[in-house]
Engineer: 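Quick one: this structure, given as structure tokens, is what I'll be asking you about.
Quick caveat: nothing in here was measured; it's all calculated off a predicted structure.
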Amino acid sequence: MTDFTMEKSSEGVATITWDVPGKSMNVLSMDGAATLSDLIDDALADDGVKGIIITSGKKDFAAGMDLNVIAGMRDNGGAQGVFDGVMSLHHLLRKIELAGMDLKTKKGGKPIASVLPGTALGIGLELPLATHRIFAADNPKAKIGLPEIMVGIFPGAGGTTRLSRKLGAMMAAPFLLEGKLSDPKKAKAAGLIDEVSDDPLAAAREWVLNASEADLVKPWDAKGYKMPGGGPFHPAGFMTFVGASAMVHGKTMGVYPAAKALLSAVYEGAMVTFDQALKIEARWFTNVLMNPSSSAMIRSLFINKEALEKGANRPEAPDQSVKKIGILGAGMMGAGIAYVSARAGIEVVLIDARQEAADKGKSYSEALLDKAISRKKSTEAKKTELLARITATTDYDALKGCDLIVEAVFEDPAVKAEVTQRAEAVIPEDAIFATNTSTLPISDLARASARPEQFIGIHFFSPVDKMLLVEIIKGKATGPRAVAKALDFVRQIRKTPIVVNDERFFYANRCIIPYINEGIRMVGEGVNPILVENAAKMMGMPLGPLQLVDETSIDLGVKIAKATRAAMGDAYPDDAVDQVIFAMADEGRLGRKTKAGFYDYDDKGKRQGLWSGLDSRYPRATDQPELTDVQHRLMFAQALEAVRALESGVLEDIREGDVGAILGWGFAPWSGGPFGWLDMLGAARAVEICDGLTEKYGDRFASPALLRDLAEKGGSFYDRFGAAKSAA
């Protein structure tokens with residue numbers, strides 16, 4: 001069975017159906033593109049065919065290009081291989097667009113329509129944009145757009161050139177530079193597609209049988225075409241491109257090559273003919289794909305992320321999907337877990353010590369649903385259905401029949417032990433018990449359980465409904481079924497899991513805390529706080545360390561510091577940090593929640609700027625460090641902890657280390673994660689920088705033995721640890 005098949009009707013319509021065998025959604029391969037090209041040639045050459053429809057045999061149209069194929073172009077043919085492969089796609093889509101017409105008169109072509117039954121992303125929209133009319137089903141769940149920028153590339157099969165010429169640079173910007181996705185009706189209103197219909201196939205059939213030759217000529221192929229909003233040399237167009245360039249640099253800080261390359265392709269392409277513009281787009285796309293950042297982002301945010309979501313590290317066990325979940329603790333975390341579980345169709349029992357608190361936890365879901373309804377993303381009927389799945393109560397007997405318990409009470413081992421024992425007294429013998437904790441060792445908490453092999457950690461990030469990552473922690477006694485249960489649950493709620501072994505702070509927090517601490521330490525040293533924050537952002541971190549601690553709350557940092565000091569004793573390394581955050585806490589500056597922290601806030605909690613009191617409390621040093629020095633301190637504080645986590649066995653898979661870092665705390669996505677970043681630097685260069693930092697700032701920057709071994713023997717983390725896991 002091939003990816004594309006064609007059926008010709010007696011009325012003269014050739015319907016080409018895209019249906020990739022063994023895939024839940026269509027993706028385009030080079031073999032598939034060749035088959036489609038042959039079918040288009042056949043239909044155009046057949047005098048009995050009056051028009052062509054391209055549609056899908058699946059509920060959705062297409063998920064995009066197979067990024068493994070794109071990576072293969074690069075790995076096997078280098079830059080020339082990428083360029084040739086992309087140009088072959090341009091030739092195919094241009095063939096569809098011109099549809100056999102005379103190139104001079106633009107007459108004699110056959111109408112070609114595309115029909116989108118559901119979601120159409122990436123090449124799934126680029127291909128329809130080359131057809132003469134796009135029909136979509138009235139499917140509010142469908143998403144239409146060009147999200148390539150989100151994985152470090154940009155639409156390179158003509159989507160960038162066609163959309164910017166169709167809508168103009170300004171109107172196309174949200175779809176190209178931000179990867180904005182729309183439902184069919186919004187896509188039609190924006191000009192991405194042409195028609196939304198209850199029966200798009202019938203509407204397309206009627207159109208191709210009645211289309212005139214004028215209907216087939218794209219605006220950019222018509223005489224006298226001018227780009228909507230103006231081109232680069234038009235007064236309005238000039239200002240658009242100046243503004244877009246500033247916006248791109250402001251958002252990317254120059255570390256994401258795809259956005260700049262996309263804008264360059266649009267700008268340069270707007271000054272030449274359409275066919276020349278396609279070549280320019282292909283060259284810029286090749287440039288991006290050959291950039292190590294693009295390779296790293298594709299690897300982490302597409303290939304590795306997808307593998308983890310599909311259970312790459314799931315133990316062998318029967319299906320462990322959750323039918324009924326009990327959540328202990330209805331605070332913000334428990335309420336968020338209740339919402340995402342109910343949204344996934346799971347029956348939820350939400351327990352708190354007081355009925356008022358349990359009801360408040362349930363009302364969190366109600367508030368989120370009301371907000372969704374106000375934005376027309378949900379309905380009253382769906383709200384009623386979801387809320388009916390949540391039982392808010394103080395009665396532990398309601399946990400009977402639950403196959404998964406998630407405990408989300410205070411970070412107090414005694415409180416957690418009490419609720420664990422109360423729940424285990426009523427839940428089924430085979431139920432899995434999970435504790436949601438960000439710092440407490442799972443093996444210690446499991447001592448309160450009568451079934452330690454069924455006890456596991458599930459660390460959610462706040463806010464639960466928005467954060468994509470879930471960290472699953474295996475205690476020393478945790479069994480494989482508990483791991484499988486946790487992974488299947490995370491899949492149900494549509495988040496990305498990583499599985500790590502038990503050690504204080506696990507993986508995410510052991511990397512986040514040193515990042516925050518290094519920023520605070522520099523403030524105490526007299527480094528300009530503005531330099532600290534901007535150095536982080538210029539490396540692609542979404543938040544500087546001072547803003548991040550304000551968001552997570554300074555008093556939480558104090559609690560963690562005290563607990564860590566108690567556990568480590570004389571080996572505790574962060575006295576200098578404590579001097580700063582303890583003083584902030586003593587002044588009541590606890591972060592955004594108190595509208596006072598390292599930043600000042602207005603009455604509505606909007607950040608106003610760094611607190612002016614930092615200058616008097618921590619006078620600026622006369623000699624400020626170089627930007628790269630600050631950046632190295634902030635980046636290596638995180639990356640070295642990731643390496644140590646791998647060394648100690650907390651991390652078992654570097655894919656989880658990279659994906660977890662990006663989704664969990666936003667580690668410079670352009671780099672593909674800490675291991676991707678170290679591989680870009682090269683182990684030898686990384687060790688050299690570590691040695692310099694250690695000499696100046698102390699042993700926290702000492703190169704781990706594993707990194708030094710890579711430097712001495714050559715190779716990279718992915719050379720040594722990536723291939724075997726990927727193959728498995």
Engineer: Between the main-chain N or O of K305 and the side-chain N or O of T496, is there a donor-acceptor pair closer than 3.5 Å?
Structural biologist: no
Engineer: The test is side chain to side chain contact (heavy atoms under 4.5 Å, CB included); show your working for F717 and L707 and say whether it passes.
Structural biologist: CA-CA 9 Å; F717 283 100; L707 181 61; 3.9 Å; yes
Engineer: Hey, are E309 and R494 close enough for a salt bridge, meaning a charged N less than 4.0 Å from a carboxylate O?
Structural biologist: no
Engineer: Indicate the atoms forming the closest heavy-atom contact of P441 with D502, along with that distance.
Structural biologist: CA-OD1, 3.5 Å
Engineer: Using the rule given for salt bridge (Lys or Arg N to Asp or Glu O under 4.0 Å), can you reason through D465 versus R343, listing the C-alpha separation, both sets of side-chain angles and the distance that settles it, and then say yes or no?
Structural biologist: CA-CA 10 Å; D465 57 293; R343 187 176 61 184; over 6 Å; no
Engineer: For residues L262 and E148, determine if any side-chain heavy atom of one lies less than 4.5 Å from a side-chain heavy atom of the other.
Structural biologist: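 No. Closest side-chain heavy atoms not under 4.5 Å.
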Engineer: Counting only heavy atoms from other residues, nucleotides and ligands, does the tally under 6.0 Å from CD of E695 exceed 12?
Structural biologist: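 12 or below, so no.
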Engineer: Minimum heavy-atom separation for G597 to I554, with atom names?
Structural biologist: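 Nearest heavy atoms, G597 then I554: CA-CD1, 4.1 Å.
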Engineer: If you look at every heavy atom in L627 and A535, which pair is closest and at what distance?
Structural biologist: CD1-CB, 3.6 Å
Engineer: Looking at V577, is its backbone amide N or carbonyl O close enough to the side chain of N517 to form a donor-acceptor pair, meaning the two atoms are under 3.5 Å apart?
Structural biologist: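 Judged by distance alone, no pair lies under 3.5 Å.
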Engineer: Do M539 and W670 pass the side chain to side chain contact (heavy atoms under 4.5 Å, CB included) test, and can you show the C-alpha distance, the side-chain angles, and the key distance before you say yes or no?
Structural biologist: CA-CA 9 Å; M539 285 300 291; W670 64 269; 4.1 Å; yes
Engineer: Is S300 reaching over with its side chain to a backbone N or O of M297, donor-acceptor style, under 3.5 angstrom?
Structural biologist: no
Engineer: Nearest 0.5 Å please: distance from the CD1 atom of I560 over to the CD1 atom of I516.
Structural biologist: 8.0 Å
Engineer: How many angstroms lie between CG in D578 and CZ in R521, if you round to the nearest 0.5 Å?
Structural biologist: 9.5 Å
Engineer: Just wondering, are more than 12 heavy atoms of other shown residues or ligands nearer than 6.0 Å to NZ in K180?
Structural biologist: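 Not buried by this count: 12 neighbours or fewer within 6.0 Å.
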Engineer: Look at atom NZ of K537 and say whether more than 12 heavy atoms of other residues, nucleotides or ligands are closer to it than 6.0 Å.
Structural biologist: yes
Engineer: Side-chain donor-acceptor pair under 3.5 Å between E533 and Y599, yes or no?
Structural biologist: yes
Engineer: Does atom CE (M467) have a neighbourhood of more than 12 heavy atoms from anything else shown, all under 6.0 Å?
Structural biologist: yes
Engineer: Do other residues, nucleotides or ligands put more than 12 heavy atoms under 6.0 Å from the CE atom of M680?
Structural biologist: yes
Engineer: Which word best sums up how the rings of F701 and Y697 line up, parallel for under 30°, tilted for 30 to 60°, or perpendicular for over 60°?
Structural biologist: perpendicular
Engineer: Under a 4.5 Å cut-off applied to non-hydrogen side-chain atoms, are S648 and E503 in contact?
Structural biologist: yes
Engineer: Do Q624 side-chain atoms and G526 backbone N/O form a donor-acceptor pair below 3.5 Å?
Structural biologist: yes
Engineer: For V687 and A711, which heavy atoms make the closest approach, and how far apart are they?
Structural biologist: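 It is CG2-CB, 3.8 Å.
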Engineer: Ignoring hydrogens, what is the shortest heavy-atom contact between V532 and P545? Give both atom names and the distance.
Structural biologist: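 It is CG1-CG, 3.8 Å.
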Engineer: Working to the nearest 0.5 angstrom, can you tell me the gap between L640 CG and L678 CG?
Structural biologist: 7.0 Å
Engineer: With a 4.5 Å cut-off on side-chain heavy atoms, are D550 and R607 touching?
Structural biologist: no
Engineer: Any non-hydrogen side-chain atom of L710 less than 4.5 Å from a side-chain atom of S716?
Structural biologist: no
Engineer: Minimum heavy-atom separation for I298 and I153, please, with both atom names.
Structural biologist: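 Where I298 meets I153 most closely, the heavy atoms are CD1-CG2, 3.8 Å.
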Engineer: Side-chain contact, heavy-atom cut-off 4.5 Å: D629 with K696?
Structural biologist: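 Contact flag for D629/K696 side chains = yes.
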Engineer: Which of these passes side-chain hydrogen bond (donor to acceptor under 3.5 Å, both in side chains) with D600: Q608, K595, K606, R589?
Structural biologist: R589
Engineer: With distance as the sole test, does Q355 use its side chain to make a donor-acceptor pair with the main-chain N or O of A392 at under 3.5 Å?
Structural biologist: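 Pair found, side chain donor or acceptor close to backbone of A392.
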Engineer: Please step through salt bridge (Lys or Arg N to Asp or Glu O under 4.0 Å) for the pair D444 and K416, ending with a clear verdict.
Structural biologist: CA-CA 11 Å; D444 291 350; K416 288 181 179 289; over 6 Å; no
Engineer: Any salt bridge linking E647 with R644? Criterion: basic side-chain nitrogen under 4.0 Å from a carboxylate oxygen.
Structural biologist: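 Salt bridge: no.
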Engineer: Is R655 paired with D653 through a side-chain N to carboxylate O contact shorter than 4.0 Å?
Structural biologist: yes
Engineer: Excluding sequence neighbours, so at least two apart, what forms side-chain hydrogen bond (donor to acceptor under 3.5 Å, both in side chains) with Y618?
Structural biologist: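 For Y618 there are no side-chain hydrogen bond (donor to acceptor under 3.5 Å, both in side chains) partners, ignoring immediate neighbours.
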Engineer: Give a yes or no on whether D412 atom CG has more than 12 heavy-atom contacts from other residues, nucleotides or ligands under 6.0 Å away.
Structural biologist: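 Yes, because the 6.0 Å sphere around CG of D412 holds more than 12 heavy atoms from other groups.
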Engineer: Check whether T160 reaches the backbone of P155 with its side chain - one donor and one acceptor, N or O, closer than 3.5 Å.
Structural biologist: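 Yes: the side chain of T160 pairs with the backbone of P155.
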Engineer: Show, in sequence, the C-alpha distance, side-chain angles and deciding distance for F667 and M635, and conclude whether the side chain to side chain contact (heavy atoms under 4.5 Å, CB included) test is met.
Structural biologist: CA-CA 9 Å; F667 183 95; M635 294 294 281; 3.6 Å; yes
Engineer: To the nearest 0.5 angstrom, please state how far the CE atom of M332 sits from the CZ atom of F460.
Structural biologist: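 Reported to 0.5 Å precision, the distance equals 14.0 Å.
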Engineer: Would you say that more than 12 heavy atoms from the other residues, nucleotides or ligands in this model lie under 6.0 Å from the CZ of R620, or not?
Structural biologist: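 Yes, CZ of R620 has more than 12 neighbouring heavy atoms, counting only those of other groups under 6.0 Å.
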Engineer: If you define the side chain from C-beta out and look only at heavy atoms, does anything of I512 sit under 4.5 Å from N509?
Structural biologist: yes
Engineer: How long is the straight-line distance from OG of S363 back to CG of L369, given to the nearest 0.5 Å?
Structural biologist: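 Output value for this atom pair is 11.5 Å.
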Engineer: Would you say E471's side chain and A508's backbone share a donor-acceptor pair under 3.5 angstrom?
Structural biologist: yes
Engineer: Does I513 reach the side chain of E641, with side-chain heavy atoms less than 4.5 Å apart?
Structural biologist: no
Engineer: Do any N or O atoms from the side chain of S462 and from the backbone of V464 form a donor-acceptor pair under 3.5 angstrom?
Structural biologist: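 Answer holds: no.
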Engineer: Does any part of the side chain of V266, heavy atoms only, come nearer than 4.5 Å to the side chain of F154, both counted from C-beta?
Structural biologist: no
Engineer: Before you tell me yes or no, could you show the steps for K495 and V340 under side chain to side chain contact (heavy atoms under 4.5 Å, CB included), namely the whole-Å CA-CA distance, both residues' side-chain angles and the distance that decides it to 0.1 Å?
Structural biologist: CA-CA 10 Å; K495 296 191 182 293; V340 297; 4.2 Å; yes
Engineer: Are more than 12 heavy atoms, taken from residues, nucleotides or ligands other than K143, located less than 6.0 Å from that residue's NZ atom?
Structural biologist: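 Yes, the 6.0 Å shell around NZ holds more than 12 heavy atoms from other groups.
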Engineer: First locate atom CG of L590, then atom OG1 of T552, and finally report the distance between them rounded to the nearest 0.5 Å.
Structural biologist: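 One finds 11.5 Å between CG of L590 and OG1 of T552.
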Engineer: Between K362 (side chain) and I390 (backbone), is there a donor-acceptor pair under 3.5 Å?
Structural biologist: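 Yes; judged by distance alone, with no hydrogens or angles, the pair exists.
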Engineer: Output yes when a side-chain donor or acceptor of D658 lies under 3.5 Å from a complementary backbone atom of F675, and no otherwise.
Structural biologist: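 It does hold such a pair.
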